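Computed from a predicted model, the values in this text were never measured in an experiment.
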Amino acid sequence: QLQLSESGGGSVQPGGSVRLSCVANRNDLALYAVGWFRQAPGEEREGVSCITASGGQTYYEDSVKGRFTISRDNVKNMVYLQMNNLKPEDTAVYYCATGGGILCAAYEYDIWGQGTQVTVSS
């Protein structure tokens with residue numbers, strides 16, 4: 001069964017950068033769109049950024065446009081989320097997921113990693 005695992009979270013000051021990585025245990029991740037989602041305490045899980053299987057199309061939630069960049073390396077079974085100019089409101093647990101579509105709707109995704117915490121605070 002396809003499994004995902006995230007890494008790269010941590011604590012950072014406002015304006016800082018973090019790169020999250022998502023690795024799959026099988027190389028058929030290349031067949032699927034992958035998304036990054038986040039969930040803050042008391043909030044619903046929201047789609048942050050998604051990328052198609054080929055990497056040719058991407059989606060970004062409005063609040064992260066121009067600051068976050070999603071990319072993938074299908075040879076390494078990896079998907080990345082580069083997060084720049086981080087703000088306190090970006091604080092959340094970040095999850096990668098697959099099985100859904102480019103519109104980044106969480107309910108469409110059925111395979112999830114365990115999540116990694118990102119905390120933005122001075």
Self-check item: Salt-bridge criterion met for K87 and D90 (N-O under 4.0 Å)
Solution: no
Practice problem: Taking the side chain as every heavy atom from C-beta outward, state whether Y60 and T69 have any atom pair closer than 4.5 Å. | Solution: yes
Quiz prompt | Whether Y95 and W112 hold their rings parallel, tilted or perpendicular, with breakpoints at 30° and 60° | solution = perpendicular
Quiz item: Are any of the side-chain heavy atoms of S21 and M78 separated by less than 4.5 Å?
Solution: yes
Quiz item: Using the ring of each side chain (for Trp, its six-membered ring), is F68 parallel, tilted or perpendicular to Y94, with breaks at 30° and 60°?
Solution: tilted
Quiz item: Is there a donor-acceptor pair under 3.5 Å between the side chain of N25 and the backbone N or O of Q3?
Solution: yes
Quiz item: Within a radius of less than 6.0 Å around CG of L31, do more than 12 heavy atoms belonging to other residues, nucleotides or ligands occur?
Solution: yes
Practice problem: Please report the shortest heavy-atom distance between A92 and A40, naming the atom on each side. | Solution: CB-N, 3.9 Å
Practice problem: Identify the heavy atoms of L2 and A24 that sit nearest to each other, and give their distance. | Solution: CD1-CB, 3.9 Å
Quiz item: Is the closest side-chain heavy-atom distance between Q117 and T91 below 4.5 Å?
Solution: yes
Quiz item: Are C96 and V79 close enough that some pair of their side-chain heavy atoms sits under 4.5 Å apart?
Solution: no
Self-check item: E6 to G115 - nearest heavy-atom pair and separation
Solution: OE1-N, 2.8 Å
